[in-house]
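Starting from 1, each residue takes its place in the sequence as its number.
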Amino acid sequence: MPLSEALALFRRLGVHVESMSPSDFTLAYFALAKRYHPDRNPAFHDLMANINVARATILNTYRRVP
């Protein structure tokens with residue numbers, strides 16, 4: 001998933017990654033995971049899968065920044 005799509009997904013979910021530290025982003029991700037996890041809400045299985053892919057993309061970007 002391209003970074004722009006990952007950021008757009010999180011923005012739609014109310015998480016503005018650009019203004020967050022990596023630790024704040026992690027906390028926001030866990031809040032989303034708690035809300036949209038398929039064990040709690042089976043209808044959100046695809047959304048949670050997309051959130052996980054987007055998170056991986058964003059974390060890879062954080063790791064590349066010096």
Side-chain angles (χ1 to χ4, degrees):
M1 171 180 286
L3 181 60
S4 59
E5 287 181 28
L7 293 173
L9 173 63
F10 275 97
R11 264 187 247 115
R12 281 193 308 263
L13 296 171
V15 177
H16 298 280
V17 179
E18 299 90 347
S19 63
M20 298 180 138
S21 69
S23 60
D24 289 338
F25 174 66
T26 299
L27 291 174
Y29 165 77
F30 284 123
L32 289 175
K34 188 175 182 180
R35 182 175 182 188
Y36 294 113
H37 195 278
D39 288 345
R40 294 183 107 189
N41 297 305
F44 292 119
H45 175 72
D46 291 336
L47 176 60
M48 193 64 216
N50 287 332
I51 289 171
N52 287 330
V53 171
R55 175 181 180 251
T57 300
I58 292 168
L59 288 178
N60 285 335
T61 301
Y62 277 137
R63 290 184 184 121
R64 285 189 211 133
V65 176

**Prompt:** CG/Asn50 to CG/Leu13 distance, rounded to the nearest 0.5 angstrom?
**Reply:** 10.0 Å

**Request:** Mark yes when over 12 heavy atoms from residues, nucleotides or ligands other than Arg35 sit less than 6.0 Å from its CZ; otherwise mark no.
**Result:** no

**Request:** Locate the shortest heavy-atom distance separating Leu32 from Phe10; write the atom from each residue and the value.
**Result:** CD1-CE2, 3.5 Å

**Request:** Mind checking the CG-NE2 spacing from Asn52 to His37? Nearest 0.5 Å is all I need.
**Result:** 8.0 Å

**Fill in**
Minimal heavy-atom distance between Met1 and Val53, with the atoms involved, is CB-CG1, 3.7 Å

**Prompt:** Do Val15 and Met20 come within less than 4.5 Å of each other through their side chains, counting heavy atoms only?
**Reply:** yes

**Prompt:** CD1/Ile58 to CZ/Phe25 distance, rounded to the nearest 0.5 angstrom?
**Reply:** 4.0 Å

**Asked** For the residue pair Met48 and Tyr36, what are the closest heavy atoms and their distance?
**Response** CB-O, 3.8 Å

**Item:** Atom pair CG/CG of Leu9 and Leu47 - distance to nearest 0.5 Å
**Value:** 6.5 Å

**Prompt:** Should Ile51 and Leu3 be counted in the same cluster of Ile, Leu, Val, Met, Phe, Trp and Tyr side chains packed under 4.5 Å apart?
**Reply:** yes

**Message:** Test your reading of the model: is there a side-chain donor-acceptor pair from Thr57 to the backbone of Ala6, 3.5 Å cut-off?
**Reply:** no

